[in-house]
Student: 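I am attaching a structure below and will ask some questions about it afterwards.
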Amino acid sequence: MTIVDTLARAISEAFGELGVKIAPEEIKLERPARLEHGDLSSNVALVLSKRIGAAPRELAAQLVAALEGRTIVHVEGIEIAGPGFVNFRLANSWLHDVLKQVVTEGEEGYATPNLGGGERVQVEFVSANPTGPLHVGNGWLGSYGDALSRLLRRCGWQVSTEYYVNDTGNQIRMLGESVLARRSGSEVPEQGYQGEYVTDLAVRYQGPEDVVTAGKFAAEEILGVIRTTLDRLGIVYDEWYSQASIEESGRVDEAIAMMRDRRLVYELDDATWLRSTELGDVRDRVLVKANGDATYLAGDIAYHRDKFLVRGFDRVIDVFGADHHGQVASLEAGVEALGIDRTRLEVKLGQLVSLVSGRMSKRSGNYVRLDELIDQIGPDATRLMSLMSSIDQASTLDLDAVTSKSMDNPVFYVQYAYARISSIGRVCEERGVVRAPLADAPLQLLVHPRELDLLRTLYSLPDVVREAARERAPFKVTNFVRALAGEFHGFYHDHRVLGDEVSTAETQARLWLVEATRIGLSIGLALLGVSAPESM
RNA sequence: GCGCUCGUAGCUCAAUUGGAUAGAGCAUCUGACUACGGAUCAGAAGGUUGGGGAUUCGAAUUCCUCCGAGCGCACCA
């Protein structure tokens with residue numbers, strides 16, 4: 001039972017004595033922004049005042065009076081503040097218990113809220129067309145999708161990651177045309193791919209003068225490059241799913257037949273249409289063109305049928321760039337047309353990344369390649385940069401600032417904290433200092449603000465993980481890791497763990513504090529897919 | 001024109017989902033090492049949350065309305 005549960009129950013019981021019914025689950029206890037407002041705060045009096053029509057402060061006063069009659073573990077003082085907040089001041093022993101919990105549960109056990117309950121969820125992300133190397137924006141969403149998958153796994157979901165390979169259709173033909181044009185030394189078509197990589201591919205292509213063959217060759221080669229890039233970032237997929245395989249297996253026809261059975265398909269002007277207007281889309285969509293080819297949408301619907309009905313995922317999360325948001329309504333309509341509850345499909349739209357430097361202003365086809373960024377700042381920095389803010393926020397990358405000044409990148413700050421911790425461990429070994437069992441550690445010696453701040457932040461980790469998973473917002477873990485690293489640097493600066501000026505008892509208590517911090521950093525960094533180096 | 005996503009310090013971003021005096025980093029200025037790793041720490045300065053209305057004990061957050069930005073509105077993928 002956590003301190004929050006204990007308090008919520010006590011408040012609920014106190015209100016019960018006053019003749020007011022409120023369940024412990026309804027009572028919110030939050031950590032106030034300011035320390036002077038206590039360690040935990042509840043707005044229950046404000047919320048209840050609306051319900052029962054009493055003045056908030058009056059209600060709060062009655063609550064406090066009722067609470068003061070009883071003793072609650074760790075609670076040192078209760079105050080009413082502002083419009084009617086009830087603030088609880090807790091004894092340090094509260095935080096010492098947090099330390100115990102962190103080190104007892106460890107990296108595997110601490111902050112593992114079970115939200116998913118074993119539900120099978122698929123996360124699809126990047127899925128960039130194999131017509132060119134990945135750019136920085138792909139890296140952003142790649143880091144996002146990967147970190148989100150790690151988060152969901154930690155929170156009790158059974159996660160499968162997937163890359164949807166668009167290895168068919170016009171784009172591949174155009175790619176083949178571009179390769180053949182380069183090989184014969186003629187002009188690449190207007191709509192073709194102009195990048196230098198096409199020339200390299202043309203040199204290596206030995207096959208016949210056929211756009212499809214050349215296109216497939218090129219796509220496979222490029223996909224290999226894409227895999228290598230993602231690999232450098234530590235992004236690993238469980239599945240690479242071919243669009244061509246969907247079309248070739250007849251699954252598109254099956255999907256259309258299913259929708260037809262549900263009377264949501266009709267013929268008009270030699271084409272086959274989905275009645276998507278009835279399912280929330282702004283217009284009906286073509287599934288099969290007049291020339292007999294299936295549209296991309298038809299393939300996409302068949303693909304999602306495969307996800308839900310063939311492979312049996314309970315939930316699917318698609319991570320798209322915001323430039324694809326035009327597809328969302330029709331895809332959702334398609335999923336519903338298959339009789340699948342549309343709330344099982346979550347589409348996360350990542351706002352696009354733009355560049356502040358002049359690099360984008362160069363001629364078309366000249367974007368910043370993800371490999372280039374990784375070359376310059378390394379995989380860890382690339383990932384952390386990507387995971388610094390919400391994907392709902394359009395972000396701007398200042399490539400010059402990021403690459404020239406390492407201070408502009410917080411990854412070093414965080415990793416340095418971890419390296420310092422590891423360094424303490426090495427010095428312990430040199431000096432023969434051994435950390436005694438937790439039960440013997442005099443944790444009550446941890447009383448300085450720096451020490452308590454560390455523990456407060458560690459206390460928040462389970463909530464951070466829960467929120468980040470629920471909101472699909474891994475950047476919250478980044479914020480946590482930065483805060484924890486910052487507090488560690490402050491602690492490290494002000495207090496020594498080892499040395500003549502600290503007692504052996506203090507050393508023991510602080511060694512455990514350091515270990516708890518290490519666990520917190522380790523959990524956070526692992527969720528982000530950023531390495532935790534023992535030295536730098 | 002219609003729709004979606006947004007607009008917070010000079011810059012990059014937060015803000016416990018309606019809570020208390022809107023916070024961090026970078027950049028700027030000032031200060032701190034005979035030390036377990038200074039890739040660190042402390043302080044200063046920086047704001048009419050794009051503008052204006054509405055809702056209530058309370059709004060950056062919800063609702064209108066302007067202004068501005070990005071993206072999307074195919075029998076392309």
Side-chain angles (χ1 to χ4, degrees), chain A residues 28 30-34 36-37 41 43 46 49-50 55-57 81-85 87 129 131 166 168-172 174 191 243 268-273 282-283 285-297 299-300 321-329 349 351-352 354 356 385 388-390 392-398 401-402 405-413 415-417 419-428 430-431 433 450 460 463-464 467 471 475-476 478-479 482-483 486 488-499 501-502 507 510 514 535-536:
Chain A
K28 262 208 296 187
E30 287 170 341
R31 183 174 152 190
R34 302 174 167 275
E36 69 233 43
H37 292 140
S41 173
N43 63 352
L46 275 76
S49 75
K50 233 173 243 174
R57 281 194 70 106
F85 291 101
N87 297 337
N129 295 338
T131 51
N166 289 21
T168 179
N170 278 345
Q171 288 182 128
I172 299 303
M174 193 54 76
Q191 303 292 316
Q243 183 182 3
L268 181 72
D269 298 337
D270 296 328
T272 304
W273 294 74
V282 292
R283 51 170 297 178
R285 306 283 173 177
V286 173
L287 295 169
V288 183
K289 303 181 219 171
N291 69 4
D293 289 347
T295 58
Y296 178 83
L297 175 64
D300 213 14
D323 53 336
H324 287 80
H325 87 249
Q327 310 171 10
V328 176
L349 290 179
Q351 296 300 307
L352 301 182
S354 54
V356 75
M385 289 298 298
M388 289 255 285
S389 65
S390 161
D392 297 333
Q393 189 82 6
S395 52
T396 316
L397 177 65
D398 188 337
V402 167
K405 285 163 286 183
S406 63
M407 290 310 287
D408 223 18
N409 198 307
V411 75
F412 301 109
Y413 185 80
Q415 291 185 324
Y416 185 52
R420 273 181 152 175
I421 289 172
S422 307
S423 174
I424 291 173
R426 287 191 292 271
V427 175
C428 277
E430 281 167 28
R431 300 188 187 172
V433 178
R450 298 290 208 178
S460 75
D463 284 336
V464 168
E467 244 182 75
E471 295 173 24
F475 80 93
K476 301 212 165 190
T478 310
N479 289 347
R482 294 177 71 184
F488 180 75
H489 286 308
F491 160 76
Y492 186 90
H493 185 268
D494 284 5
H495 304 290
R496 295 185 61 76
V497 177
L498 306 167
E501 58 267 52
V502 275
T507 292
R510 286 180 183 160
V514 168
S535 65
M536 295 171 64

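What you are looking at is a predicted structure, and each value in this text was computed from that prediction instead of being measured. In what follows, chains are A, B, ... by sequence order, proteins preceding strands, each numbered from 1.
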Student: For the pair made of NE2 in A:H489 and P in B:rU40, what is the distance, rounded to whole Å?
Tutor: 6 Å

Student: Describe the nucleic acid contact of A:A271 in one word from base, sugar-phosphate, nothing, applying a heavy-atom distance below 4.0 Å.
Tutor: base

Student: Indicate, with a heavy-atom threshold strictly under 4.0 Å, whether A:N479 touches base, sugar-phosphate, or nothing.
Tutor: sugar-phosphate

Student: What is the separation between atom CG on A:D392 and atom P on B:rC71, rounded to the nearest whole Å?
Tutor: 17 Å

Student: What's A:S423 touching, base or sugar-phosphate or nothing? Going by heavy atoms closer than 4.0 Å.
Tutor: base

Student: Categorize A:R283 for me: base, sugar-phosphate, or nothing, with a 4.0 angstrom heavy-atom threshold over every strand shown.
Tutor: sugar-phosphate

Student: Does B:rU12 have OP1 or OP2 under 4.0 Å away from a side-chain N or O of A:R482?
Tutor: no

Student: Just how far, in rounded Å, is C1' of B:rU21 from CZ of A:R34?
Tutor: 4 Å

Student: How long is the line joining CZ of A:F491 and C1' of B:rU40, in whole Å?
Tutor: 14 Å

Student: Which helical stems does RNA chain B take part in, if a stem means at least 3 consecutive Watson-Crick or G-U pairs with both distances below 3.5 Å?
Tutor: B:1-7 with B:67-73, B:10-13 with B:23-26, B:28-32 with B:40-44, B:50-54 with B:62-66

Student: What do you reckon, do A:Y416 and the base of B:rU40 stack, with centroid distance below 5.5 Å and planes below 30°?
Tutor: no

Student: Contact class for A:P56 vs. all strands (heavy atom < 4.0 Å): base, sugar-phosphate, or nothing?
Tutor: nothing

Student: For B:rC67 and B:rU21, measure between their C1' atoms and round to the nearest Å.
Tutor: 30 Å

Student: So, does A:H489 use its side chain to make a donor-acceptor pair with the main chain of A:Y413 at under 3.5 Å?
Tutor: yes

Student: Look only at the side chain of A:S41 and the backbone of A:R31, and say whether a donor-acceptor pair between them is shorter than 3.5 Å.
Tutor: no

Student: Record whether the side chain of A:Q327 comes under 3.5 Å of the base of B:rA77 through a donor-acceptor pair of N or O atoms.
Tutor: yes

Student: Considering only side-chain heavy atoms of A:H325, which listed nucleotide, B:rA20, B:rU16, B:rG3, is closest?
Tutor: B:rG3

Student: Need one value for A:A81: base, sugar-phosphate or nothing, where a base atom within 4.0 Å counts as base even if backbone is also close, heavy atoms only.
Tutor: base

Student: Hey, does the side chain of A:R496 reach the backbone of A:T507 with a donor-acceptor pair shorter than 3.5 angstrom?
Tutor: no

Student: What distance separates A:N291 CG from A:D270 CG, expressed to the nearest 0.5 Å?
Tutor: 10.5 Å

Student: Return no unless some side-chain N or O of A:Q351 is found under 4.0 Å from OP1 or OP2 of B:rA69.
Tutor: no

Student: Mind calculating the distance between CZ (A:R31) and P (B:rG23) to the nearest angstrom?
Tutor: 14 Å

Student: Planes under 30° and centres closer than 5.5 Å, is that true for A:F85 with the base of B:rA20?
Tutor: yes

Student: What's A:R420 touching, base or sugar-phosphate or nothing? Going by heavy atoms closer than 4.0 Å.
Tutor: sugar-phosphate

Student: Taking only side-chain N and O atoms of A:R510, does any of them lie within less than 4.0 angstrom of OP1 or OP2 on B:rC36?
Tutor: no

Student: Quick one: closest heavy-atom pair of A:D392 and A:Q351, and the distance?
Tutor: O-CG, 3.1 Å

Student: On a whole-Å scale, what distance lies between the P atoms belonging to B:rG50 and B:rA9?
Tutor: 8 Å

Student: Provide the distance between the two C1' atoms, one in B:rC2 and one in B:rG10, to the nearest whole Å.
Tutor: 37 Å

Student: Quick check for you: to the nearest 0.5 Å, what is the distance between A:R431 atom CZ and A:L498 atom CG?
Tutor: 5.5 Å

Student: For A:D293, report the nucleic acid contact type (base, sugar-phosphate, nothing); a contact means any heavy atom under 4.0 Å.
Tutor: nothing

Student: C1' atom, B:rA45 versus B:rU56: distance in rounded Å?
Tutor: 36 Å

Student: To the nearest Å, give me how far apart CZ (A:F488) and P (B:rA39) are.
Tutor: 15 Å

Student: Using the side-chain heavy atoms of A:Y296, tell me which of these nucleotides is nearest: B:rC75, B:rA77, B:rA20.
Tutor: B:rA77

Student: Between B:rC4 and B:rU62, how far apart are the two P atoms, rounded to whole Å?
Tutor: 15 Å

Student: For nucleotides B:rC6 and B:rU61, find the distance between their C1' atoms and express it as a whole number of Å.
Tutor: 14 Å

Student: Once you round it to whole Å, what is the distance between C1' of B:rG58 and NZ of A:K28?
Tutor: 13 Å

Student: Side chain of A:H37 only, please: which of B:rA39, B:rA20, B:rA42 is the nearest?
Tutor: B:rA20

Student: Out of B:rC13, B:rA77, B:rC36, which nucleotide sits closest to the side chain of A:T295?
Tutor: B:rA77

Student: Between A:W273 and A:V427, who's closer to the 5' end of RNA chain B by nearest nucleotide?
Tutor: A:V427

Student: Base, sugar-phosphate alone, or nothing: which one does A:A329 contact when heavy atoms must sit under 4.0 Å apart?
Tutor: nothing

Student: Quick one: the side chain of A:S41 and the base of B:rA20, do they pair up donor-acceptor inside 3.5 Å?
Tutor: yes

Student: Are OP1 or OP2 of B:rA15 and a side-chain N or O of A:K476 less than 4.0 angstrom apart?
Tutor: yes

Student: So, taking the atom named NZ in A:K28 and the one named CG in A:L46, what distance separates them when rounded to the nearest 0.5 Å?
Tutor: 11.0 Å

Student: Quick one: does A:N87 reach the base of B:rA20 with a side-chain donor-acceptor pair under 3.5 Å?
Tutor: yes

Student: With rounding to the closest Å, how many angstrom separate the C1' atoms on B:rC71 and B:rG58?
Tutor: 35 Å

Student: Start with the C-alpha gap between A:R482 and A:T478, add the side-chain angles, then the distance that decides, and say whether side chain to side chain contact (heavy atoms under 4.5 Å, CB included) holds.
Tutor: CA-CA 6 Å; A:R482 294 177 71 184; A:T478 310; 4.1 Å; yes

Student: Side chain of A:T168, backbone of A:Q243: donor and acceptor closer than 3.5 Å?
Tutor: no

Student: Hey, could you give me the CZ/CZ distance between A:F491 and A:R420, rounded to the nearest 0.5 Å?
Tutor: 11.0 Å

Student: Please report, rounded to the nearest Å, how far the P atom of B:rA74 is from the CG atom of A:L268.
Tutor: 16 Å

Student: Look at all strands and tell whether A:R426 reaches a base, only sugar-phosphate, or nothing, counting heavy atoms closer than 4.0 Å.
Tutor: base

Student: Supply the atom-to-atom distance A:M536 CE to A:S422 OG, rounded to the nearest 0.5 angstrom.
Tutor: 11.0 Å

Student: Can you tell me, in whole Å, how much space there is between the C1' of B:rC36 and that of B:rG46?
Tutor: 36 Å

Student: Enter the distance from A:N170:CG to A:Y296:OH here, rounded to the nearest 0.5 Å.
Tutor: 13.5 Å

Student: Would you mind telling me which residue lines up with the more 5' stretch of RNA chain B, A:S535 or A:L46, judged by nearest nucleotide?
Tutor: A:L46

Student: Which nucleotide, B:rU21, B:rC41, B:rC75, lies nearest any side-chain atom of A:E36?
Tutor: B:rU21

Student: So, does A:Y492 get its side chain near the phosphate of B:rA39, meaning an N or O under 4.0 Å from OP1 or OP2?
Tutor: no

Student: Please determine whether any donor N or O and acceptor N or O are separated by less than 3.5 Å between the side chain of A:D323 and the base of B:rG72.
Tutor: no

